[in-house]
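Here is the structure we will look at, set down as structure tokens.
Residues take their numbers from the sequence shown, with the count starting at 1.
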Amino acid sequence: RVHKLVLNCCVGESGDRLTRASRVLEQLTGQQPILSKSRLTIRTFGIRRNEKISCHVTVRGDKAEEILERGLKGKEYELRSRNFSDTGNF
């Protein structure tokens, strides 16, 4: 049984790439994604503090199982053992 499914897309910069990533998540789930901000400035990556760099969506219930089923069908229901953590996340 799937309690919740969290889809995360971190692009590392704000702007056009972030809006495209949020549009993809919205098309996949039918929900409005949440934009996440960076916690601190990293000059080598070109990221400033509080800059929006990623988006995520939390899906629960039957919709989560449906999206997971579609994703696994694309991989022909085969995942590597290293894709799983000790707590059951993948």
Side-chain angles (χ1 to χ4, degrees):
R1 176 159 163 76
V2 178
H3 292 287
K4 72 177 178 179
L5 176 67
V6 180
L7 300 172
N8 180 37
C9 190
C10 182
V11 294
E13 63 184 42
S14 59
D16 190 41
R17 288 182 63 200
L18 183 61
T19 56
R20 279 188 281 152
S22 64
R23 198 174 310 130
V24 167
L25 285 180
E26 187 172 0
Q27 289 172 353
L28 282 174
T29 61
Q31 296 181 8
Q32 185 70 33
I34 304 295
L35 299 177
S36 300
K37 298 178 182 177
S38 64
R39 293 186 193 147
L40 39 99
T41 300
I42 303 173
R43 294 191 68 169
T44 55
F45 295 150
I47 298 173
R48 292 185 303 275
R49 187 171 190 267
N50 290 330
E51 181 180 10
K52 295 177 181 176
I53 58 170
S54 70
C55 54
H56 67 276
V57 176
T58 302
V59 185
R60 299 175 192 270
D62 295 334
K63 184 82 171 174
E65 292 181 11
E66 174 196 331
I67 293 171
L68 189 59
E69 181 75 23
R70 282 191 291 166
L72 288 174
K73 188 184 290 185
K75 295 295 283 182
E76 298 176 359
Y77 299 99
E78 292 183 10
L79 294 174
R80 297 184 183 131
S81 61
R82 68 179 185 191
N83 290 348
F84 291 89
S85 68
D86 294 335
T87 58
N89 298 313
F90 66 95

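Of the possible polar contacts, none joining the Arg48 side chain to the Thr41 backbone as a donor-acceptor pair under 3.5 Å is found. Checked by atom type and distance alone, the side chain of Thr58 never pairs as donor or acceptor with a backbone atom of Val6 at under 3.5 Å.
Residues Ile42, Phe45, Ile47, Ile53 make up the rest of the hydrophobic cluster containing Leu40, defined by ILVMFWY side-chain heavy atoms closer than 4.5 Å, directly or through other members. Val11 belongs to a hydrophobic cluster whose other members, connected by ILVMFWY side-chain contacts under 4.5 Å either directly or through intermediates, are Leu18, Leu35.
For Gln32, there are no side chain to side chain donor-acceptor pair (under 3.5 Å) partners at least two apart in sequence or on another chain.
Counting heavy-atom neighbours within 6.0 Å of Arg70 CZ, excluding the residue itself, gives a total above 12.
Of the candidates Val2, Val59, Asp62, Val59 is the only one forming a side chain to side chain contact (heavy atoms under 4.5 Å, CB included) with Ile67.
The distance from atom CD of Glu69 to atom NZ of Lys73, rounded to the nearest 0.5 Å, is 6.0 Å. Summarising the geometry, atom NE2 belonging to His56 is positioned 12.0 Å from atom SG belonging to Cys9; distances are rounded to the nearest 0.5 Å. Taken to the nearest 0.5 Å, the CD atom of Glu26 stands 9.5 Å off from the CD atom of Gln31.
Scanning all heavy atoms of the two residues, the minimum distance from Pro33 to Ser22 falls at CG-O, 3.3 Å. In plain terms, the two heavy atoms of Cys55 and Asn8 that are nearest each other are O-OD1, 3.2 Å. Residue Ser14 comes nearest to Glu51 through the heavy atom pair OG-OE2, 3.0 Å, listed as atom of the first residue, atom of the second, then distance. Closest non-hydrogen pair, Leu25 versus Thr29, comes out as O-OG1, 2.8 Å.
The shortest side-chain heavy-atom distance between Lys63 and Glu66 falls under the 4.5 Å cut-off.
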